[in-house]
Trainee: 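There's a structure below that I have some questions on.
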Amino acid sequence: MAVPEYTIADFIHRESWWKNPGLLVLNIYLILPLLSSVLNGLDQSILNGLQILPGWQEYFHNPQGKTLGLINSAQGIGALSGIPFAPYVSDLLGRRATMFIGATIVLAGVLTQALCTTVKVFIGARVLIGLGIAFSINAAPLLISELSYPTHRGKLTSLYNTMWYFGSVISAWICLVAYDRAGASQWSWRVPVFLQASVPILQMMLIWFIPESPRFLAAKGLESQAARILAQYHAKGTIKCDHLVDFEMAQIRHALNTERVISSSPSYLIFFATPGNRRRIFIIISIAISSQWSGNGLVSFYINIVLDGIGITTTRTKAVINGGLQVFNLASALLGTMLVDKLGRRKLFLISNIGMLIVFSMWTITTALFSETGSPVAAKATVPLIFLFYFFYDFAYTPMLVSYTLEILPYNIRAKGLAIMNFSAYLSNTFNSFVNPWALDAIGWKYYLVYCGWLVLEVVFVMVFIIETRGRTLEETAALFDGVKPPQNPTGRTRRDSMAFARISQYSSPSRLEDHPDNYFELHESSSVRSSVIGSPSHVELQEPSRVQSSVFGSPSDLKRQSEESIITFVK
């Protein structure tokens, strides 16, 4: 008789998630780490809105050139200072503690920025904000990806970076309202800055009410706590006979032990230790740079200059265009988020990059025509092209920059890999902040040709290096880069000396489990399953990390009726 195979899909919740109390509460909790992206978008976009306001320009004496470039890059400088250290804090203290530290630093920077009286203090405040955000944006997506329900992970991690535009929308429209109410007064820019403080205050107050990452707890040896969290939020609050919790815990434990065998290096040099890691780091750095050098940086920080370049000079018109663009960006990114599991990661990247190349080329032509001939038709055509360009950019790079990075990294290097991605993105962004205003002043529309050439390289990169990760767990996706050993004999079984066996605990209740936390899961590298409690069980194998093969249990319904003395075997 053929041996039936099971995947994680056999154990997941089949009804609407909002009808499951555990999933409903979990997804509400995950709003808090999503706010880290909102805060980042709010802070980075606030400068775009402030530069449009006459009150801000007058108060700081119309900063231009190097001063304007330093103002726009100050937050990036602060982030670059903190990003290399953030993963160590995330792995040592946990995801929640790191978010709390980040929110505290950001709050101090926001209050300093709102009360500043000179450009130097304003720049210093923005450096402080960047330092705090470095810790927040490292811990928050890790917590989301490691805590979310298996079938929700793709959408939630994609939603994380999408929420950047939610913050951007808030900043754009707050600046417009402030301008309408306060005109050229200094309060037209101080009030929007003060409102930034609401997000870090919320995170500082509420972060300890949400659960910690089960993978972090398991890595620290607190497996009983990890199992209770998974049971409470993934399995309706019970560990007993819940095979989803068994499955997730076994995969986490197996992945952690495998990663310890492969490498125990705590430094960033681990990314160059194996071919799989070298491939990962190349992809991560490439998509991070592409996320900033696709041409989006021209509008993200210098919409005031770009609109001046096509003859739009009215303050209110600029503010309305900026506000409308941010709403459009959010809608486009949400569309990409909803399609990330239907179309797949690779297809979304291809659509995005090809679309950006075509539209940005048209944008370059219309800008050149207006610059050379003063054609009003060319100016009018440029605005919708900016919107269309951002549609293709937001379709993939906004939802998948963070989520794809997390998906291709195993646990032991996930925090550091995310830090490298953030560092690369901020470094590219900081470079843009310095170079873009100088280049636009020096060569005008011809600077757009540089981005056209870069977009061609991006299309080639996506076609060659981006692989599909849809429908896999974090552990399975990571295995794609390290390879899976082929069968060593005609029966199709891998060598037994490479097997890792996970024994599900004999304890029948969470209270008894707490008395023996170390026995919840035991891994054995052996040619057979050893258990002094269960005895001699029937053989069960996983040919892949997500597949359970059983010659004893029969159908999925039969499997779920088995006691907690079931055996799950993971084949490396």
Side-chain angles (χ1 to χ4, degrees), residues 6-15 17 19-30 32-33 94-96 141-157 209-257 406 410-411 414 472-478 502-523 542 545-546 548 556 559-560 562-564 566 568 570:
Y6 304 112
T7 69
I8 199 168
D10 294 311
F11 311 120
I12 61 174
H13 181 69
R14 297 294 181 181
E15 300 176 0
W17 62 267
K19 295 180 181 179
N20 184 322
L23 291 183
L24 177 61
V25 173
L26 175 61
N27 288 335
I28 291 174
Y29 280 159
L30 291 178
L32 196 65
R95 303 353 184 175
R96 296 184 303 172
L142 292 173
L143 184 60
I144 293 171
S145 67
E146 295 170 359
L147 186 60
S148 57
Y149 196 67
T151 54
H152 297 173
R153 177 180 52 81
K155 289 184 175 64
L156 283 171
T157 52
F209 291 95
I210 70 176
E212 182 58 271
S213 160
R215 284 176 173 84
F216 168 78
L217 294 173
K220 293 298 182 181
L222 304 174
E223 294 165 10
S224 60
Q225 293 184 31
R228 284 199 302 273
I229 289 173
L230 291 174
Q232 182 174 355
Y233 299 104
H234 290 193
K236 299 183 179 180
T238 177
I239 294 178
K240 183 177 180 180
C241 294
D242 193 287
H243 293 283
L244 176 59
V245 177
D246 297 341
F247 193 98
E248 290 187 283
M249 283 299 300
Q251 278 204 327
I252 290 171
R253 183 66 183 273
H254 174 67
L256 290 174
N257 277 268
L406 293 175
Y411 174 83
R414 191 169 296 145
R472 294 177 180 268
T473 65
L474 289 173
E475 289 74 23
E476 293 169 330
T477 300
R503 177 166 64 83
I504 299 172
S505 174
Q506 70 272 24
Y507 305 108
S508 58
S509 68
S511 60
R512 293 189 65 187
L513 178 63
E514 291 173 0
D515 298 331
H516 307 273
D518 293 334
N519 289 332
Y520 186 76
F521 275 85
E522 294 181 1
L523 290 180
L542 269 182
S546 71
V548 179
L559 177 60
K560 293 176 182 178
Q562 301 298 321
S563 70
E564 286 192 341
S566 306
I568 297 178
F570 279 84

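Residue numbers run from 1 in the order of the sequence given.
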Trainee: Holding to side-chain hydrogen bond (donor to acceptor under 3.5 Å, both in side chains), I want the full list of residues that pass it with S213, two or more places apart in sequence or in another chain.
Mentor: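 So S213 forms a side-chain hydrogen bond (donor to acceptor under 3.5 Å, both in side chains) with E146.
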Trainee: For the atom pair CZ (F216) and CG (L142), what is the distance rounded to the nearest 0.5 Å?
Mentor: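 Taking CZ in F216 and CG in L142, the distance rounds to 11.0 Å.
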Trainee: For residues P214 and A226, report the shortest heavy-atom separation together with the two atoms involved.
Mentor: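 Scanning both residues, the minimum pair turns out to be O-CB, 3.5 Å.
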Trainee: Could you measure the distance from the NZ atom of K155 to the OG atom of S148? Nearest 0.5 Å is fine.
Mentor: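 Those atoms lie 11.5 Å apart.
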Trainee: Quick one: are R153 and L406 in side-chain contact, heavy atoms under 4.5 Å?
Mentor: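 Result no, sub-4.5 Å side-chain heavy-atom pair not found.
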Trainee: If I compare all heavy atoms of E223 with all of M249, which pair ends up nearest, and what's the gap?
Mentor: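 Shortest heavy-atom separation between E223 and M249 comes out as O-CE, 3.7 Å.
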Trainee: Got a second to check how far H152's NE2 is from L23's CG, nearest 0.5 Å?
Mentor: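 That separation rounds to 5.5 Å.
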Trainee: Roughly how far, to the nearest 0.5 Å, is OG1 of T157 from CD1 of I144?
Mentor: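 Rounded to the nearest 0.5 Å, the CD1-OG1 separation comes to 8.0 Å.
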Trainee: Who pairs with Q225 by side chain to side chain contact (heavy atoms under 4.5 Å, CB included), at least two apart in sequence or on another chain?
Mentor: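 Counting only residues at least two positions away or on another chain, Q225 forms a side chain to side chain contact (heavy atoms under 4.5 Å, CB included) with L217, L222, R228.
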Trainee: Search all heavy atoms of V25 against all heavy atoms of Y233 and return the closest pair with its distance.
Mentor: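 Closest approach of V25 to Y233: CG1-CE2, 4.0 Å.
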Trainee: Given I210, which of L26, L143, L147, I28 fulfils the side-chain contact (heavy atoms from CB on, under 4.5 Å) condition?
Mentor: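 Running side-chain contact (heavy atoms from CB on, under 4.5 Å) over L26, L143, L147, I28 with I210 returns exactly one hit, L143.
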